[in-house]
Every structure is written in C-alpha cells, then in structure tokens.
K.L.:
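The structure that follows is given in the form of structure tokens.
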Amino acid sequence: KSSSYAVLEGQYTLHETIGTGGFAKVKLGTHVLTGDKVAIKIMDKRLLGEDLPRVKLEIEALKELSHQHICKLYQKIEIENKIFLILEYCPGGELFDYIVERDRLEEKEARVFFRQIVSAVAYIHNKGYAHRDLKPENLLLDDEQNLKLIDFGLCARPKGGMETHLETCCGSPAYAAPELISGQEYLGNEADIWSLGVLLFALLCGYLPFDDDNVSTLYKKIQNGEYECPFWLSQKSKQLLHRLLQVNPKHRITVTELLTDPWLMEGFTEPVLWKNPFKTSKLDEECLIELSMYYGKPRTVIVEEIMQRNFTYISATYSLLLQRKAKGQRIRLESDTTPLR
Ligand SMILES: CN(C)C[C@H]1CC[C@H](N2C(=O)NCc3cnc4ccc(-c5cc(Cl)c(O)c(Cl)c5)cc4c32)CC1
C-alpha cells in the first residue's frame, strides 16, 4: 500500500515496477537530491516467512561486497513490515536477453564480459563468499555496458570459511555442478567455478552445454560432464571450458589459475584484476565537503556516518556523488536548485 512507502518520502520518488526477483518486487526510483535513478527492491516481511534469513544473508553480503561488477547497495530501509533495498540501477537489463538478441557473442566481446564476471567472482571468493546462483539472468548491464552481479539470496559464507562443505542444494539446475546435484557435500567456490563454465559456454554458443526437458536426464548429462562444442569455438576457448567443466571438483581450475588463463589473457597484457581499486580507505574530499555543506554538519560527522556502514540516506548520497564524479558529472548539492540530473 502507498502508506508504507511514506518512509521513502523526500528521499526517493517511486516509479513503476521494473521487475520481480523471487519474493521481491523491484521498482524504479529517483534519488531526490541527485536526480539519479536507482532500483528499489521491496520485500514484505510477512510474505517472506522462512525466506527472511536468506534476505538477511543477502543484505549482509551486499553490505560487505563493494566491487565495480557487483550491484551496489546504497541504502537499507526497514520498517515494521517492509524492507527496502536501494540498489544500483542497471538500465541494460539481463545478460541473458543480451545474448538471446544476438544469438551468441563473438569471442572478443564474450572475453570482455567473462573477465568482468571472473573479477567479481574472484573478489567474492576472496571475501569468503560463494554466490551459488551464477547465471546470465543474474548479470545485469549498466549504462556503460558493464556487468553487475545481482541476487545474493543464495550466497553462502560458511562459518568455518571456504573449507567447510555446504549441503543445501540450490541455484538453477542447468548451471549446477555435478557434486551439488548428486547431493554430496560440496565447496561453494568450486561449484561457482563450474557455473562459470556453463556461463562461458552460454556466452560463446548461445545455448546451454547440458540441457534436457527431463530433469533426471539433465542431471545424468551434468554428472557425466559430456557436452558438444560447436565448430566455431577456438582451441583456447575449448581448453578453458574443459578446465572449468571438470566433473571432479578437485580437477577443476581454481579462480586464481583462472585470472591468467590463456584464453582470458588473449589480447590483454594484465591478468584479471579483482581487488577493488576504489576501495582506498580514504574518502573523497570533494563529495564529503558537498554533503557537509548541504547538511550543515561538520565533515567529521559525515565521515562517521559513512564509515559506520549503516547504509543511510547520507551514505547513499555519498556513493551516488562518487559515481557521478567518476563519470565527470556535476556533484554540487545546492539546496535551492532542482535535482542535479
Ligand atoms: C533472475 N532475474 C529474474 C532477476 C531479475 C530481478 C529484477 C531485475 N531488474 C529488472 O527486472 N528490471 C530492470 C532492472 C534494473 N536495475 C536493477 C538493479 C538491481 C536489481 C536487483 C539487484 C539485486 Cl542485488 C537483487 O537481489 C535483485 Cl532481486 C534485483 C534488479 C534490476 C532490474 C532483472 C533481473
């Protein structure tokens, strides 16, 4: 009901529903101060039921993960029955549709996208997380053709670090690793590597390596790890697929080896970088001063609010100003003018 949206009043203008993600509705929003578009993921706690822990898990993961190819969480607003996640808007839609529209991608373009995905996955694994639902539907395009990984509802951060085995079978069957569907214990990051293999095949071929209308036949194909490579695949891409789609997880390529794989390096001099270069501990002075002047609060108070990682409106505004600055857009927040956009 519109009443529970009152909490957004003055911070965000709500527009149409742009999509659904499982148990959530995603609406387009405008950040009032900057006029920048955001995606607002809205969940009703009463409807979440036993999914509530998954949502909390996604929020903790999103708070922890800050990377150029992971959809950014700007702000979290929780009221009695609703949770609002203010997220980075990705106008380019799903990578899935991007591939379908083109049938399949040329190696060059597939490589640029795959390097971005590997960068995000290496970063997540380094932080002790596994995504566990890597697929083109969960990779969105921003307004500069960059991929953003979304939907961390299934991601796991086992208590004992990446060595502890996970049991829950989840994700989408066609992308699921053999050890995951045969109910064995599995390591999240090894299962993610398999999904990357299925993803790379989908990018280069435009269809899935393991597919069947009958789920148990599909499972057999995955467990046998047999797939056909179409004639247009290069030798190097076939070798990489072979290293990713190893049925035995211990024979599978690791994310560290992946960073310098010959196919990924073709045409590039640098290995895939996964550290977040922007994650310098120091904040951007110009943006801080803008906020401090706009709110009439001392700079130290603004810094405190951002560093506390409470994901408030002030920290959301700081993140948006930082992104505008990176794009060479204006960041002045005069209180009397209309939004910046
Ligand atoms: C597996 N699919 C069905 C999932 C759909 C979900 C809706 C998506 N979406 C649109 O429908 N329209 C445009 C659009 C634009 N910007 C978005 C930004 C963030 C998110 C987002 C981020 C996180 Cl972290 C998350 O958990 C969820 Cl659920 C959504 C969705 C956006 C979006 C497309 C993929």
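In each ligand, atom 1 is the first atom listed, and ligand 1 is the first ligand listed. Every heavy atom of this structure was used, including side-chain atoms; hydrogens, water molecules and symmetry mates were not. Note that the coordinates shown come from a computational prediction; the quantities given were computed from them, not determined experimentally.
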K.L.:
Any salt bridge between R132 and D151, counting N to O under 4.0 Å?
P.N.:
no
K.L.:
Hey, are K37 and E88 close enough for a salt bridge, meaning a charged N less than 4.0 Å from a carboxylate O?
P.N.:
no
K.L.:
Do the side chains of E286 and K325 get close enough for a salt bridge, i.e. N-O under 4.0 angstrom?
P.N.:
yes
K.L.:
Would you say L204 and F114 make side-chain contact, with heavy atoms under 4.5 Å?
P.N.:
no
K.L.:
Strictly under 4.0 angstrom, heavy-atom based: which residues surround ligand 1?
P.N.:
I18, G19, T20, G21, A39, K41, E58, L62, C71, L87, E88, Y89, C90, E94, E137, N138, L140, I150, D151
K.L.:
I'd like to know if E78 pairs up with K56 as an ion pair, taking the criterion as any Lys NZ or Arg NE/NH1/NH2 lying under 4.0 Å from an Asp or Glu carboxylate oxygen.
P.N.:
yes
K.L.:
Under 4.0 Å between a Lys/Arg side-chain N and an Asp/Glu carboxylate O for K27 and E16?
P.N.:
no
